[in-house]
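Keep in mind it's a predicted model, so treat the numbers as computed, not measured. Along the sequence shown, residues are numbered consecutively beginning with 1.
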Amino acid sequence: MSWLFHRKTRRLATAFGALGLIAALAGCSTNRATGEDSFTAFMSPEQEKQVGAEEHPKIVREFGGDYDEKDLQSYVTEIGNKLVAVSEAPDEKFTFTVLDSQVINAFALPGGYVYITRGLAGLASNEAELAGVLAHEIGHVVARHSAQRYSRGVLTQILAGGLSAALGSGAGDIVGAGANAYLKSFSREHEFEADMLGVRYITRAGYDPEGMASFLKKLRAHSRLQAKLAGRSPDEIDQFDFMATHPRTLDRIEQAHKAANVTPVANPEVGSVRYMRAIDGIIYGDGPDNGYVRGTAFIHVPLDFRFDVPDGFSMINQPDAVIAQDDGGAQIVFEGAPKAKGVGLDQYLARGFSSKIAITNIENIDINGQEAATGYADVNLNSGGKARLRVVVIRHGENAYQFLFITPLNKVDDYNVALRRTTYSFRPLTREEQQKYHPLRIKVRAVNPEYDLSTFVGQMAVSREPSETFAVLNGLEPGQPPATNSMVKVVID
């Protein structure tokens, strides 16, 4: 009896699965951008618009809000609309947003929501380069790549036996997936397709299609520099970088040019002067709400504190932590400690810091008049070695913060004095410091015959690798002087 019941159940599941598969395959349609068949059965254009509208405000909040200085927003929108007008969806409404983030990134949500960061705007040097980025993202939207990816995922569930759950996905489930579901990397096929469409759109709009290739070179140079500043191999690409979600090569860009099958206009537009004027004065690097790295110091004006790391440590300011490390294997992590608010700091270290790491030798201390506590534990590293983890938690105003000092167990004494100095460097800002520190900005300079490379490198208000940073910002090789009568970007304080 039991065997017969399961056999009938399997028949029903197979029958329903076949029906589901037939219905799904009926959802194939002609892709308006490529003319080829595409599978979008489980996400309609209306649902795409709903996803974009629901997730757009969340994306803006997550990436630092809108960047509204210098009317850069309307300038980018103007270029974006120019590209949409020559796409296969000229009548669709697109929303272009410049995000207040230093991270070099661009992406799109279904329904016509396209984003670039101010960091990306600062790296580009002309309209053709920016147009290439926008056109690539427009290509993803017009070709409905998110709908294809989502529909294939649902079909995979059907074929794996999850028919009822898969077919039960309505608009609410599609929206509920969250923006991250649509920001994941596209397939190599979709990335190539977006490049091909991008070339098509910027060429039709009259821009120089070589802007896509020149900006790709800048992206790779920027990634190598950031890896170098973070103490990683120059060949590594930052996980938050544009290149991580848009894996592309110059060869593939060249293939996309051929596949686009479009004839460039005579004297294509580059738009260097107009673009440089548009970005002159925009924020470079950290914004005021994220704090500033200045040499070995970290300063946060709104939260009213600063601290210094030892000489020889490379410091990176990330959205949720400040991380510093040196060549000897030591690392400093500074972060918020929300669980320490409203409780004794020694009790926090004993019970609230971690359920897996037992902090010992806990003692209450005073750091420049601020309540604090410290303790340590010896831990095993993923690499197989052992390290000393010392935790220092500090109450500062209404908030609590913590240092995590991680040193190889056999080098604890070597770092003791230096890390102790970092601990006791944490203090409120003076009134002069609150007025002194502000964001770095990009300033556009004209290259006159009397200026040489050292003139511009000397103006760079960055504490590390000023020469290479200048080269990356301006699309130059290290040590290459800019052309006379051109315009270059420098970073000023």
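Within the 4.5 Å cutoff, no side-chain heavy atoms of Asn290 are placed close to those of His300. Put simply, the side chain of Ile79 does not reach to within 4.5 Å of the side chain of Thr77, judged on heavy atoms. Counting heavy atoms from C-beta on, the side chains of Leu476 and Phe470 come closer than 4.5 Å. Side-chain atoms of Leu219 and Ile104, non-hydrogen and from C-beta on, do get closer than 4.5 Å to each other. The closest side-chain heavy-atom distance from Asp289 to Pro302 is below 4.5 Å. Side-chain contact check for Leu197 versus Ile138: every heavy-atom pair is 4.5 Å or farther apart. Inter-residue side-chain proximity for Pro57 and Val60 is flagged as unmet; no heavy-atom pair is nearer than 4.5 Å. The shortest side-chain heavy-atom distance between Gln255 and Met196 does not fall under the 4.5 Å cut-off.
Ala106 approaches Leu120 most closely through the heavy-atom pair CB-CD1, 3.9 Å. Across all non-hydrogen atoms, the minimal contact from Ala121 to Tyr275 is O-OH, 2.5 Å. Nearest approach of Ala143 to Glu193, heavy atoms of both residues: CB-OE1, 3.9 Å. Nearest heavy-atom pair across Ile202 and Pro209 is CD1-CA, 3.5 Å. Among all heavy-atom pairs drawn from Ile323 and Gln318, the shortest one is CD1-OE1, 3.6 Å. Residue Val84 comes nearest to Ala89 through the heavy atom pair CG1-O, 3.6 Å, listed as atom of the first residue, atom of the second, then distance.
Under the 6.0 Å cut-off for aromatic ring centres, Phe107 and Tyr113 do not qualify, their centroids lying 6.0 Å or more apart.
Interatomic distance, Ile406 CD1 to Gln325 CD, rounded to the nearest 0.5 Å: 10.0 Å. With rounding to the nearest 0.5 angstrom, the CZ atom of Arg306 is 11.0 Å from the CZ atom of Arg294. In this structure, CG in Leu109 is found 9.5 Å from OG1 in Thr97, a value given to the nearest 0.5 Å. Distance CG/Asp66 to CZ/Arg61: 11.5 Å, rounded to 0.5 Å. Interatomic distance, Ser125 OG to Leu473 CG, rounded to the nearest 0.5 Å: 7.5 Å. The CD1 atom of Ile116 lies 13.5 Å from the CZ atom of Phe63; values are rounded to the nearest 0.5 Å.
Applying the salt bridge (Lys or Arg N to Asp or Glu O under 4.0 Å) definition to pairs two or more places apart or across chains, those involving residues 116-128 are Asp100-Arg118, Glu127-Arg274.
Side-chain atoms of Thr117 come within 3.5 Å of backbone N or O of Asn105 as a donor-acceptor pair. Judged purely by atom type and a 3.5 angstrom limit, Tyr292 has no side-chain atom pairing as donor or acceptor with the backbone of Gly287. Of the possible polar contacts, none joining the Glu54 side chain to the Val51 backbone as a donor-acceptor pair under 3.5 Å is found. At distances below 3.5 Å, not a single donor-acceptor pair connects side-chain atoms of His190 with backbone N or O atoms of Arg144. Formation of a donor-acceptor pair under 3.5 Å by the Thr203 side chain with backbone atoms of Val199 is found in this model. In this structure, the side chain of Lys489 engages the main chain of Gly122 through a donor-acceptor pair within 3.5 Å.
The salt bridge (Lys or Arg N to Asp or Glu O under 4.0 Å) check on Glu335 picks up nothing, with sequence neighbours excluded. Partners of Lys82 under the side-chain contact (heavy atoms from CB on, under 4.5 Å) rule, at least two apart in sequence or in another chain, are Ala205, Tyr207, Glu269. Every side-chain hydrogen bond (donor to acceptor under 3.5 Å, both in side chains) that Arg395 has, sequence neighbours left out, goes to Glu371. By the side-chain hydrogen bond (donor to acceptor under 3.5 Å, both in side chains) test, Ser314 pairs with Arg464, sequence neighbours left out. In this view, Asn485 satisfies the side-chain hydrogen bond (donor to acceptor under 3.5 Å, both in side chains) rule with no residue, not counting sequence neighbours. For Glu69, the side-chain hydrogen bond (donor to acceptor under 3.5 Å, both in side chains) test picks out Tyr67, Arg441, with sequence neighbours left out. For the ring pair (Phe, Tyr, Trp, His ring centres under 6.0 Å) test, no residue two or more places apart in sequence or in another chain qualifies with Tyr284. Residues passing the salt bridge (Lys or Arg N to Asp or Glu O under 4.0 Å) test with Lys218, sequence neighbours excluded: Glu129. With sequence neighbours excluded, the residues satisfying salt bridge (Lys or Arg N to Asp or Glu O under 4.0 Å) with Asp280 are Lys443. Taking Phe334 as the reference, Phe305, Phe307, Tyr401, Phe403, Phe426 meet the ring pair (Phe, Tyr, Trp, His ring centres under 6.0 Å) condition, with sequence neighbours excluded. Annotation: salt bridge (Lys or Arg N to Asp or Glu O under 4.0 Å) contacts of Arg204 (sequence neighbours excluded): Glu88.
Aromatic ring pairs are classed by plane angle as parallel below 30°, tilted from 30° to 60° and perpendicular above 60°; the pair Phe96 and Phe94 is parallel.
For the residue pair Gln73 / Asp68, no side-chain donor-acceptor distance below 3.5 Å is found, with atom types taken as modelled. No hydrogens or angles considered: nothing links the side chains of Glu191 and His145 as a donor-acceptor pair under 3.5 Å.
Test Asn474, Val444, Val447 against Met487 for side chain to side chain contact (heavy atoms under 4.5 Å, CB included) and you get one pass: Val444.
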Worked check of side chain to side chain donor-acceptor pair (under 3.5 Å) between Tyr348 and Gln402: CA-CA 11 Å; Tyr348 164 73; Gln402 62 191 19; 2.6 Å; yes
